Amino acid sequence: MKKKLCMLLALLLVVTTLGACGNGAAPASTASASASGGNPTDKTPIKVAVAGPLTGNYSEYGIGFDAACKIMVDKWNKDGGINGRPIELLSYDEKSSTEEGLAIAQLLCGEDNFYGVVGHFSASMAVGTLYTEERVPLISASSSSAGFTGQGDCCFRLNATISTETMGMLECAKTAGKTKLGVVYLNNDWGRNAYDNLKTLLQEKGNEDWEIVDAEEIAGGDMDYNAVISNLNAAGAETAIMFCYYDSVVPFTIKARTVMPDLNIVCGVNCYNDTFLKVGGKDVEGCMAPSVFAAVSDDPDVKYFVDEYKARTTQVPSSLTAQAYDAMGVLLTAIAENNGELDKEAILKSIQNNDYKGVTGSCSFSENRDATRNFSPMVVSNGQWIYY
Amino acid sequence: MALLEAKGITKKFGGLVAVDKLSFEVKQGEIVSIIGPNGAGKTTVFNMITGIYEIDEGEIVFDNKVISNKSPIYIVEAGISRTFQNIRLFKQMRVIENVMVGTHIKTNYNFFDALFRTKRFRNEERKATQKAIDILESIDLGDYINDYANNLPYGLQRRLEIARAIATGAKLLILDEPAAGMNPQESENLLNFIRSLQAKGYTILIIEHDMNVVMNISDRIYVMDYGKRIANGTPSEIASNPDVIKAYLGDASEILEEDDAV
Amino acid sequence: MFVEQLINGLAIGTIYALVAVGYSLVFGILRLVNFTHSSVYTLGAFMVYVGVEYLHLNIFLAILFSLVTTGFAGVMIDKMGLEPLRKKGASKISAMITTIGLSYIIINCLNIAFGSQIIRFPDLFNYGTFKLLGATIAWQQVIIGAVALILLVALSIFINRTRIGLAMRAVQQEPSAAAINGINVNMIISLTFFLGAASAAIAGTLIASYNQYLRSSMGDIVGLKAFAAAVLGGIGSLPGSVLGGLIIGVSESMAVYKLGGSYIDMVAFSLLFLVLLIRPYGILGRKGSTKV
Ligand SMILES: Nc1ncnc2c1ncn2[C@@H]1O[C@H](COP(=O)(O)OP(=O)(O)O)[C@@H](O)[C@H]1O
Ligand SMILES: [Mg+2]
């Protein structure tokens, strides 16, 4: 009851903001009128959406999702849309806020001719139930919380679970031959969860290949990392396993370079992005991360995506951005597979059973709706992420 | 010719006319008192003279310059300085620093001189310090130079406030109830002190409730009630003015008798 | 390890102190918590960045440029935002809310101009590390601590040994008496804002160079901690602010050492809370006169 009320209020807030600031928060649509073929009588656009933080602390993620989904939708529209109908992409700003994300989900559930969402970032764990109730497919390109797909059978995850990603990070440490781990994790759910997960993984493995010599819980962001680094140094850590966002990894790395020049820094896939490279500069040279996507690959699909993305944003797409691109690909393919039959259950089934090959590799889902992801260790060299 | 002249000055607070077309003058070298019941508007007059309040009507002339509605700095530079009814010393400063604030207007060194303690800094500093010491010694505060103002006995705090006023180089000192809260011995000392200031050439305008002080040191007295001037004259004229006695000096007869006895 | 953490704490503590002094100066004179201070700190660092990156100044000229522009911005905050309120006799609360609002405006402008992401900042004093009693100490920590300390000493000399400092203290203790003793109170208030802003600019620059990056949110936490340091030491008292800054800096690094990094933000405020229970006016604070 209380929850419903909150949602209603949030909705009201969004609606009033929409009214107040004109097109400030309104969805930007990229419909193309050049659709041809198929059923000539029905030109109603097929709507899909991308939601992510376009402003606020995590805006670089949302902006990436947004651009990637636009590239995918434009590609489809250039090829004639689906069944002759143009695809319209609704793009929403989650503003790095759970409440805002929830309000957007409410709005989307009220859309006509609407068939699925790629994204959500801050609100991933709050919107799943709602979309499931409304039978709207939600494909997350970034969520790694264990419970995400458990919210309902409309929630798909085209991202590694924490365990898979953590295994990828451990492999990075092992590849580099530095297995005495100092774990640095954020003091939020995600960070703690990741650390617990790491401990469990090592117990399963019998602690043979790696050893945790120190673990540091941090507040992250603009803090003084020297004290933490002193601890790692004293504990004799060889590799820092970073369960935090790039805005902590970069400051940490800069500081660590002075006191612990030999420290191997392994970050999560969220650091596989251009901003990390740009602000990190020479200091992040040698940082490692597991990735399912390599912008340096010469696969033609990857090249098309990377070139198009660079042309539009002047940046190299990140790993999560590439997953958003594939997520939109999976969604549109599933909609197209059901020729004219825009039946929600059928689309959900198609997503579940897809054999889509994207820029991040195979996108097929397990019965728990988690995609299997194959990580390769990557390293920063000469200002780009390359295979280790 | 008058050193200070107020011509029909008025101050209103909303509907209340605190000072109502008041005129008075103070001649060079005089001690003039303003008396009147509480709330008569005396302190307001002082605030008007020293630029703390703007005035609504009239004009104040000091040393041939119009000083009404000028800033407090302009007025102190013109040569007027004051004390407050409730002492307003810089309590967490030393006695000598309090006095040096008064001499603040005239200094001639910059921050770097101070930082590196240059010769110029030391010279200026020595001159200013010496001047402050001289003032303090001349009013018998020489023994307290390094004490914190806060720690002085009450009577000496009043005296220090006057010293600070003197340090600005003022010609006219205006004192708001300097004897308030003093015991008879302290107010006797104060009386002598004020007389000695007059002897040094200072002109003094004073608000005072202590009739012993007022009647003994004033050359002339103005009496205010409800913002208006109701009488003026020498102490003996005022003491025998029936209006004054009615309005204010109901219990003054015994003081006057005492005065006669001296 | 202990020595290392002590140095970590002292280095960051002197920065807190330098920022805390700005809170104290303005509070001393206006009895007002100036919440623009943390954004002025950020602005100071950005002005150095502007000097280097856009005006192509060398770093020392850029710092000078920042001192002047940021100091001037501090003065403008008072002249445009606060002085009109004082003239109208507005309450302290309205003045405080105004400073909060202005702070948001400044940060928002920085966001619009430079974005909210990390921007690299030149490392002014990276001379590597040295060993002391078995501890690894970065030279930059020593230099930052020293620069901040020298500034604090200079500021203290300025306030306690010069006539202008005397005037500042006079305005602080009895503004009306200061005015009738020939002190230009508005000038002193402007000067105080200038000094506060300029010392914040230096602190911001030191931190940006220490961390080698800046961003518009960099003042949020530091501002709060420095405010805590000022209150802890006794707001209005300069030595108090320095002491408060050092205590918070060291206790933070000790917290990381003994308890773990996530306690870093809690320590400052827990300490503040405890000290205020015992000494409500802070360690060196006095029950100051609140007359205005
Ligand atoms: N700042 C002010 N605002 C409003 N009323 C004032 C102010 N200052 C004085 N008054 C009023 O003006 C009248 C005269 O006050 P004051 O000059 O202090 O009297 P006195 O010094 O003769 O006792 C009183 O009624 C007082 O309440
Ligand atoms: Mg009075």
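Computed from a predicted model, the values in this text were never measured in an experiment. Lettering follows sequence order; numbering is per chain, from 1.
A distance of 11.5 Å separates CZ of B:F46 from CD1 of C:I180, quoted to the nearest 0.5 Å. One distance of note links CE of B:M93 with CG of C:N160; it measures 9.5 Å at 0.5 Å rounding. From C:L166, atom CG reaches atom CZ of B:R94 across 12.0 Å, with rounding to the nearest 0.5 Å. Atom CG of residue B:N98 and atom CD of residue C:E174 lie 10.0 Å apart, to the nearest 0.5 angstrom.
Applying the 6.0 Å contact sphere to CZ of C:F35 captures more than 12 heavy atoms from other residues, nucleotides or ligands. Within 6.0 Å of the NZ atom in B:K200, the count of heavy atoms belonging to other residues, nucleotides or ligands exceeds 12. Summarising the local packing, CD of B:E54 is surrounded by 12 or fewer heavy atoms from other residues, nucleotides or ligands at distances under 6.0 Å. Around CE of C:M80, the count of heavy atoms belonging to other residues, nucleotides or ligands within 6.0 Å does not exceed 12. The number of heavy atoms from other shown groups lying within 6.0 Å of CZ (C:F65) is above 12.
Taking each heavy atom of C:Q173 and B:Q92 in turn, the nearest pair found is OE1-N, 3.0 Å. Taking each heavy atom of C:A179 and B:P72 in turn, the nearest pair found is O-CB, 3.7 Å. Contact detail for C:N181 and B:S81: the closest heavy-atom pair is OD1-OG, 4.2 Å.
Heavy-atom distances place the side chain of B:I52, and not its backbone, under 4.5 Å from chain C.
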